[in-house]
Each structure stands twice: as C-alpha cells, then as structure tokens.
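In what follows, a single structure is set out as structure tokens and then discussed.
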Amino acid sequence: MSHRLVTLNQFIVEQQKDFPCSEGRLTRLLSDIGAAAKVITREVRKAGLVDILGADGSTNIQGEEVQKLDVYANKTLISFLKNGGECAAIASEEDDDIVVVENAYEYTSPKYVVTMDPLDGSSNIDVNASIGTIFSIYSRISRQGKANVDDVLQKGSEQVAAGYVIYGSSTMLVLTTGNGVNGFTLDPSIGEFCLSHPDIKMRADGKIFSVNEQNYHSFNPGVKKFIDYCKEVDETAGRPYSARYIGSLVADFHRNLLKGGIFMYPSTQKAPSGKLRLVYECNPMAFIAEQAGGRATNGTVRIMDIKPTELHQRVPFAVGSENMMDQLQTHLSAWG
Ligand code: AHG
Ligand code: MN
Ligand code: MN
C-alpha cells in the first residue's frame with residue numbers, strides 16, 4: 001500500500017490553480033500562517049512547564065521574560081504576516097484596533113487582510129485541554145496605500161479563505177479556500193502539515209449538541225425548547241443526543257465537524273449579543289461549516305450575510321449539521 005504524502009504547502013500550490021489572478025500570493029500568505037502555527041505549537045507544547053520555566057511577567061530559567069500564550073500567539077502571527085509581505089492589515093482579538101502593515105514590500109502592495117483569534121479557548125490552557133487559532137482572509141477593498149478598517153469589516157461571504165489550527169493530541173490545520181474543506185495534521189517528525197483529512201463533509205444528521213447549559217435559564221424560549229428536544233428520549237429519532245462541551249470553540253467545532261452536531265452560543269440576558277465575535281470567530285467557522293455542508297446562523301440570518309459594524313462585535317451563534325440547524329430553526333420559529 002502506498003500513500004502519497006501531500007504537505008500543506010504542496011496542496012495550496014496545487015489549489016492555487018483555482019485562483020489564477022492571485023499570482024501565488026495567497027499561497028504565500030497561507031504558508032506564512034502555517035509556519036506561524038508550527039511556532040505556536042512549539043510554545044503550546046511547553047505550556048505545562050510554565051511553573052518550572054516561569055509564569056507570565058516573570059523570567060524563565062534562561063532569564064527571558066515569559067509571555068502569556070495568547071500574547072505570544074498574537075505576536076508570532078503578526079510577525080509572520082508582516083514579514084510575508086502579502087497582508088496589508090490584521091484584525092486580532094488581542095488588539096483594539098487593526099494592525100496596519102506599514103512597510104509591506106513597497107514594490108507590490110499586499111492584496112489581502114487577515115482577521116484572527118490567535119489563541120482561542122485560553123481558559124483551557126491550565127487544564128491541558130485543546131486550544132486553537134482561528135483566521136480569515138479577505139481581499140482588501142482599498143486599492144492602494146494603507147489598509148483601513150473597512151477592509152476587515154466585510155461580510156463573511158467575502159472570505160477568500162478561512163481556517164483554524166487545533167492544538168490537540170495532534171496539531172491540525174483545517175482550511176477552506178471556498179472549494180471544500182481539508183485537514184492537515186502536523187507530523188512532528190518532519191515538521192510538516194500533511195493532508196490527513198481530505199474533503200471533510202459534515203453529516204446532515206448529527207448526534208451531539210454543544211452549549212453551555214449554565215445559561216439555560218436566560219436563553220430565549222425557542223432555544224430552551226430546542227435544548228429540551230435534544231435531550232428528549234425518542235429512540236426511533238436517535239435522541240437524546242450526546243452533550244459535549246469543552247468551552248473552547250475550536251475544539252467544540254472541530255469535534256462536531258468530524259462527527260456531526262450542533263454548537264450554540266445564544267444570546268443570554270447578561271450578554272444579549274452572545275459571547276462570540278463575528279469577525280474572527282463566527283465567520284471563519286461559518287465558512288468552514290458551509291463548505292462542509294453545514295449551516296451557521298445568528299438565529300435569524302445566515303452568519304456570513306451580516307455586515308460587521310465593529311471589529312469586536314459579538315453575535316449569537318449556532319453552527320452545525322444541516323438537519324439539526326433546521327430543527328433549531330423550527331423551534332425558534334415556533335417559540336421565538
Ligand atoms: P477566547 O479564549 O478566545 O477568549 O474564547 C473563549 C470562547 C470560546 O472559545 C468558547 O466557545 C467560549 O469562550 C466559551 O464560553 P463559556 O465559558 O461562557 O461557555
Ligand atoms: Mn476565542
Ligand atoms: Mn482568544
């Protein structure tokens with residue numbers, strides 16, 4: 001039996017044929033993100049040693065200042081994106097405003113902007129559960145000069161590419177460029193992301209529901225009824241569904257993508273717009289879900305049709321298998 005090993009870089013060079021007008025520049029940008037992900041992986045794998053090597057703000061054994069992982073991930077990605085020369089601006093969860101890339105190669109102005117959650121699920125670091133990085137790529141709207149905030153406040157439907165990296169038992173990068181979804185597992189022995197999950201499809205019928213039920217009391221009636229439905233015993237319909245919730249969007253989404261399921265972070269009384277951020281959490285996941293055959297909404301409209309007005313805007317979020325999303329919609333329509 002012989003398997004052809006396909007690395008992330010080989011794969012995106014192949015896929016570049018689908019973007020003849022991008023002249024290899026998207027390829028470069030994606031491989032910059034892949035390279036940053038490897039560096040972040042190295043640091044994530046050391047996180048448990050922080051008490052030995054020194055906590056945030058203190059110095060480690062080598063006398064270097066130790067950074068929090070989310071700050072480290074942010075700096076690493078920004079540095080790779082700046083040096084790569086293909087990114088005109090970055091919108092990050094860790095920065096109040098966009099980071100404009102001032103000295104991008106002068107002979108050719110960069111065509112793309114990137115939005116990102118450099119480290120998602122940070123509360124899981126201390127307990128050694130999976131965390132991740134989420135990103136989206138857009139073509140900039142401004143033609144030349146410095147990029148501006150409108151370049152990153154585009155509808156999700158304008159995404160050129162989106163993906164996430166999950167730092168789990170393996171590190172894996174899941175990517176869409178609008179032509180299906182593919183997963184690449186980092187082989188630590190060769191330091192390459194290798195195509196391990198080609199053409200990922202999300203089952204139409206899932207059996208998992210993922211929501212923080214601590215908030216049940218303050219969900220809208222339709223959401224409550226849907227959760228009741230998920231837990232109701234109906235053997236012929238395959239219910240009750242399993243409850244699975246890690247509290248790390250990347251990890252919860254990844255499991256549901258591979259196994260089929262629904263993830264929700266609805267509005268609550270305390271957080272009427274939910275918790276998750278449209279520009280760098282919900283839109284990339286929505287793009288991946290749709291490309292795998294799933295759906296994503298805020299309960300009323302498709303996530304990728306919402307025009308963002310602010311960088312850090314939150315939206316109620318539901319994403320998952322097609323038929324489960326239909327059932328959610330039915331309950332929302334009946335109960336509000
Ligand atoms: P971040 O670590 O980037 O701030 O994101 C945390 C998010 C997300 O990963 C997860 O889905 C959600 O917070 C969980 O929130 P609750 O603890 O309220 O369930
Ligand atoms: Mn996050
Ligand atoms: Mn984060």
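Start at 1 and go down the list; that is how both ligands and their atoms are numbered.
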Electrostatic pair Lys155:Glu158 at N-O distance under 4.0 angstrom |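 The answer is no: the pair does not qualify as a salt bridge.
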Ionic contact status for Arg239 with Glu232, cut-off 4.0 Å |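 Looking at Glu232 and Arg239, the cut-off is met.
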Between [Y] and [X], do the side chains contain a donor N or O and an acceptor N or O under 3.5 Å apart?
X	Y	answer
Thr236	Asp234	yes
Thr268	Asn215	no
Tyr167	Asp120	no
Gln15	Thr177	yes

Using the six-membered ring wherever Trp is involved, compare the ring planes of His331 and Tyr229 and label them parallel, tilted or perpendicular (cut-offs 30° and 60°).
-> tilted
Would you list the protein N, O or S atoms within less than 2.8 Å of the Mn ion (ligand 2), leaving out water?
-> Asp117 OD2, Asp120 OD1, Glu281 OE2
Going by the order shown, which atoms of ligand 1 are within less than 4.0 Å of some heavy atom of [X]?
X	value
Arg277	4 (O)
Ser248	9 (O)
Phe263	11 (O)
Glu281	3 (O), 5 (O)
Gly247	9 (O), 10 (C), 14 (C)
Glu93	3 (O), 4 (O)
Leu249	8 (C), 9 (O), 10 (C), 11 (O)

Please check if the distance between the ring centroids of [X] and [Y] is under 6.0 Å.
X	Y	value
Tyr138	Tyr112	no
Phe11	Phe193	no
His197	Phe184	no

Looking at [atom], what's its closest protein heavy atom, distance included?
atom	result
atom 13 (O) of ligand 1	Lys275 NZ, 3.0 Å
atom 18 (O) of ligand 1	Tyr265 OH, 2.5 Å
atom 1 (P) of ligand 1	Gly121 N, 3.7 Å
atom 19 (O) of ligand 1	Tyr245 OH, 2.5 Å

Is ligand 1 less than 4.0 angstrom away from at least one heavy atom of Leu119?
->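 Within the 4.0 Å threshold, so yes.
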Any Gln329 side-chain heavy atom under 4.5 Å of Thr297 side chain =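 Counting from C-beta outward, Gln329 and Thr297 do come under 4.5 Å.
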For the student: nearest non-hydrogen atoms of Pro110 and Ala88, plus distance =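 Of all heavy-atom pairs spanning Pro110 and Ala88, the closest is CB-N, 3.7 Å.
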Tell me whether Met325 is reachable from Phe209 by hopping between hydrophobic residues (I, L, V, M, F, W, Y) whose side-chain heavy atoms are closer than 4.5 Å.
->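 The answer is yes; both residues are in one hydrophobic cluster.
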Answer with side chain, backbone, both or neither: which part of Asp120 has a heavy atom less than 4.0 angstrom from an atom of ligand 1?
->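 The answer is both, backbone and side chain.
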Can you find an N/O atom of Asp117 closer than 3.5 Å to an N/O atom of ligand 1?
-> yes
